[in-house]
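Since the structure comes first, as structure tokens, the remarks are kept for the end.
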There are 2 protein chains.
Amino acid sequence: MGITSHDVARLAGVSQPTVSRALRDDPRVSQATREKVKRAAQALNYVPSEAGRTLSTRATRRVGVIVTDLTNPFYPHVIAPLHDELSSLGYRMMLITERSDEAVAEEKLLDQSMDGVVLATATTDSRLPAQLERRGMPYVFLNRDTGRAGDFASVVDNEGGGRLVARELVALGHRRIAGVFGAANTTTGREREMGFRLALAEAGVGLPEGRVVRGAFEYDTGYRALPALLEADEAPTAVFCGNDVVAIGVLNAALAAGVKVPDDLTVIGFDDLPMASWEVFRLTTVRHDLRELSRQAARLLVRRIAKDVDPAGERLVLPTEFVPRATHARAH
Amino acid sequence: MGITSHDVARLAGVSQPTVSRALRDDPRVSQATREKVKRAAQALNYVPSEAGRTLSTRATRRVGVIVTDLTNPFYPHVIAPLHDELSSLGYRMMLITERSDEAVAEEKLLDQSMDGVVLATATTDSRLPAQLERRGMPYVFLNRDTGRAGDFASVVDNEGGGRLVARELVALGHRRIAGVFGAANTTTGREREMGFRLALAEAGVGLPEGRVVRGAFEYDTGYRALPALLEADEAPTAVFCGNDVVAIGVLNAALAAGVKVPDDLTVIGFDDLPMASWEVFRLTTVRHDLRELSRQAARLLVRRIAKDVDPAGERLVLPTEFVPRATHARAH
DNA sequence: TCGGTTTGTGAATACGTATGTATTCCATGA
DNA sequence: TCATGGAATACATACGTATTCACAAACCGA
């Protein structure tokens, strides 16, 4: 059934190693032989077996990408450019969406079926990085990392982004401010909250725990958080959300509750997904270059696979920018 | 670096084949030996090499999934359940997003690096299926197919869904009806349009080409179509959209143009993505079971790989259901 | 013309697992 | 006591490619 390099060799009247070399444009084979071999390969529709090559070279040209929930609108915008960049670097992408770290690590990541791994949904308490480290499997963090030194990571200046938002809200006169932050075991959640808090504190504005919600970076987190925040004695005049998806949950909840945005409530997101600029939202948010974030992660991983990397770790940080649209206003 | 079954064999004091059999729970190895081997494997943190296994068994336990644009909100809802079902069937997923069919086929699909392929974005003029067929690579269509006999496909009753919408619109008194359909080279586009047209014709309602737009199943298609439709002499009172993503484009365009939905315009989608029920949209649409659609495709592919399938082709069709929400109203 | 170099190719082998076949060991029964 | 059969394990090999090493031929300068 399958056509092998031996079949090509027979047809071309050469040995199998010569076929291997000719098709890989090894300069040691003569022009004439090379062409003869290529014609034979063409005639037989020969495609080298990836398994044979992998076994021989010990490289799979395959990279795993780990994500928890693909249906979250955030991840496709990471995965698409990641795929394209990996592809142009000669790697293929294995998508792994998994709930539990442990199961993933044992079977799927350590069987030498990929050359490296991109962790797009790492939590600070995950044991996965340590397992990968122990087995010598190259990996990089994308968007989130562990926050520890020595990481290889492509991330955003989350703290700076949080600061930007705090300053804007203060400048708009907001004093009763709420936060719907990401989960506490994610660096994206923690750092955005941290930057936001620090800049608020500098301006002398408090952020009591009663006006803080933390949860997964999901639509439902925002959708359920708003009613809770509105029940407080003094409802907030502004909400900073952990990311755009959460903010969109808040916007929908506001519509359901009859709360006018931005007249009654200012809502700010983070990420600037394409969706944020849809007419129905016109979400004021914090932009960073999601494409470049992903590409950078791909290139970093490939460099790490090639061991062309600073052994002390590399942390590539992209800047953020405030994007005013239509969900913010002066405090009333 | 890598630990092999030979290392385990040495430690356990048995031969390599015995290790292979013991770990795979082959009944021919004794209980005592099995345990001895498993302890040794455990002690060494042995994980069988996937490449070696593949070469030996000629099966990769890997499946490719081909999609054009992952950032389209539709696809994650297909890919996530597909991944999970494949995973529970013991297969891993390689994600391939590609523009041109040709490049994909040559290198990536035919190198025996996967056991089968799911085509999620096939067009009726694609040459890819024929290439896969010729090389004996098992494949199934998901959502879209070629429309030809002999396909293996998991699809939706698109024509029936189109009919449902037409009947509802007619019953609501609409006569000036528009359609923003999917691309003409997709069966999803064609069949939905066909069903819609047929049921309209049965009711004596026309659908002139001036009120028809066709394009990719994307946000922009809907967003750009609406202004064009509104410029016509008599603006339509209702628009049936090829899918929810297109419908959401139309809804946003309506908001931008100051067109009130549903008072001035009825908008109907197709798919019932989670997004369709968001407060900002409350989109009236046609539901089908997207999870089951994907799972069914996974199971069909695995059966085809196992050659446990009707050689004449199998076409699994899921039913549709009209979901009334807030974007439809009686014609004025 | 000859030793030495370069060039091109083939033979042998490694990679890690699974499997078909051979072998060993032991128990059983006549 | 020895043949027989079954259980458990070892041996040999296949899978397809890439690479190391050896070898032959061609080429070069002295």
Side-chain angles (χ1 to χ4, degrees), chain A residues 1-38 40-41 44-62 90 107-108 110-115 135-137, chain B residues 1-38 40-41 44-62 90 107 110-115 135-136:
Chain A
M1 198 63 164
I3 290 154
T4 75
S5 54
H6 291 92
D7 300 322
V8 177
R10 207 171 309 125
L11 179 62
V14 298
S15 72
Q16 177 271 328
T18 299
V19 171
S20 172
R21 287 191 270 253
L23 295 181
R24 297 162 72 48
D25 285 323
D26 187 310
R28 289 175 301 179
V29 319
S30 68
Q31 188 66 20
T33 307
R34 186 196 320 281
E35 281 172 11
K36 192 169 52 175
V37 168
K38 287 194 173 177
L44 294 175
N45 267 317
Y46 168 70
V47 179
S49 152
E50 201 261 345
R53 171 176 295 165
T54 291
L55 199 54
S56 185
T57 62
R58 307 161 134 277
T60 63
R61 307 296 287 181
R62 233 176 284 141
E107 274 302 305
K108 301 191 169 175
L110 302 177
D111 64 355
Q112 313 286 0
S113 66
M114 31 208 169
D115 297 341
R135 305 295 290 245
M137 168 73 76
Chain B
M1 198 57 166
I3 291 153
T4 76
S5 53
H6 291 92
D7 300 322
V8 177
R10 206 171 308 125
L11 179 62
V14 298
S15 72
Q16 178 271 326
T18 298
V19 171
S20 171
R21 287 192 259 258
L23 296 181
R24 297 161 73 45
D25 285 324
D26 188 307
R28 288 176 300 179
V29 320
S30 69
Q31 187 66 20
T33 307
R34 187 197 320 282
E35 281 171 11
K36 192 170 52 177
V37 168
K38 287 193 173 177
L44 295 174
N45 268 318
Y46 169 69
V47 178
S49 152
E50 202 261 345
R53 172 176 292 163
T54 291
L55 198 54
S56 186
T57 63
R58 309 163 131 274
T60 63
R61 307 296 289 180
R62 234 176 283 140
E107 275 302 304
L110 302 176
D111 65 355
Q112 311 288 357
S113 67
M114 32 209 167
D115 298 341
R135 305 294 290 242

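Quick note on labels: first sequence line is chain A, next is B, and so on, each numbered from 1. Computed from a prediction, not measured in an experiment: that's the story for all the values here.
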Send over the distance from A/L110 CG to C/dG16 C1', rounded to a whole Å.
17 Å
Let me know the distance between CG of A/D25 and C1' of D/dA18, rounded to the nearest Å.
15 Å
Applying side chain to side chain contact (heavy atoms under 4.5 Å, CB included), name anything that partners B/R61, two or more places apart in sequence or on another chain.
B/Y91
Output the rounded distance in Å from CZ (A/R61) to C1' (D/dT17).
16 Å
Judged by atom type as modelled, is there a donor-acceptor pair below 3.5 Å linking the side chain of B/S56 to the main-chain atoms of B/G52?
no
Can you see if the side chain of B/S20 gets near the phosphate of C/dA18 - specifically, an N or O under 4.0 Å from OP1 or OP2?
yes
For B/V37, give me all partners under side chain to side chain contact (heavy atoms under 4.5 Å, CB included), at least two apart in sequence or on another chain.
B/V8, B/A12, B/V14, B/V19, B/A22, B/L23, B/T33
For a quick test of reading the model, state the closest non-hydrogen atom pair linking B/L55 to A/L55 and the distance between them.
CD2-CD2, 3.2 Å
With five pairs defining each end axis, the helix from C/dT1-D/dA30 to C/dA30-D/dT1 comes out bent, to 10°, by 60°
Could you list the protein-to-nucleotides 4-6 of chain D atom pairs, N/O on both sides, closer than 3.5 Å?
none

Scanning both residues in full, the closest heavy-atom pair of B/V29 with B/T18 reads CG1-O, 4.4 Å
Student check: side-chain heavy atoms of A/R53 and B/D111 closer than 4.5 Å
no
Does a side-chain N or O of B/R58 approach OP1 or OP2 of D/dG16 to a distance below 4.0 Å, or not?
yes
Do any N or O atoms of the protein come closer than 3.5 Å to N or O atoms of nucleotides 8-12 of chain D, and which pairs are they?
| residue | atom | partner | partner atom | Å |
| --- | --- | --- | --- | --- |
| D/dT9 | OP1 | B/S30 | OG | 3.4 |
| D/dT9 | OP1 | B/T33 | OG1 | 2.1 |
| D/dT9 | OP2 | B/S30 | N | 3.1 |
| D/dT9 | OP2 | B/S30 | OG | 3.3 |
| D/dT9 | OP2 | B/T33 | OG1 | 3.1 |
| D/dA10 | OP2 | B/S15 | N | 2.8 |
| D/dA10 | OP2 | B/S15 | OG | 3.0 |
| D/dA10 | OP2 | B/T18 | OG1 | 2.9 |
| D/dA10 | N6 | B/R21 | NH2 | 2.8 |

Is the shortest side-chain N/O distance from B/S49 to OP1 or OP2 of C/dT17 below 4.0 Å?
no
Gap between atoms CG and P, on A/L55 and C/dG16 respectively (whole Å):
7 Å
Taking the side chain as everything from C-beta on, heavy atoms only, tell me whether B/T60 gets closer than 4.5 Å to B/Q112.
no
Whole-Å gap separating P (C/dG16) and CG (B/D7):
9 Å
Assess the residue pair B/K38 and B/E35 against the criterion (side chain to side chain contact (heavy atoms under 4.5 Å, CB included)); give the C-alpha distance rounded to whole Å, side-chain angles, the decisive distance to 0.1 Å, and a yes or no.
CA-CA 5 Å; B/K38 287 193 173 177; B/E35 281 171 11; 5.7 Å; no
Round to the nearest Å and state the distance from A/R10 atom CZ to C/dG10 atom C1'.
16 Å
I'd like to know if the side chain of A/R28 reaches the main chain of A/R21, judged simply by a donor and an acceptor atom lying under 3.5 Å from each other, with no hydrogens or angles considered.
no
Could you tell me the separation between the OG1 atom of B/T54 and the CG atom of B/D115, rounded to the nearest 0.5 Å?
7.5 Å
Run the side chain to side chain contact (heavy atoms under 4.5 Å, CB included) test against B/S20 and tell me which residues pass, sequence neighbours left out.
B/Q16, B/R24
Rounding to an integer number of Å, can you tell me how far A/H6 NE2 sits from C/dG10 C1'?
12 Å
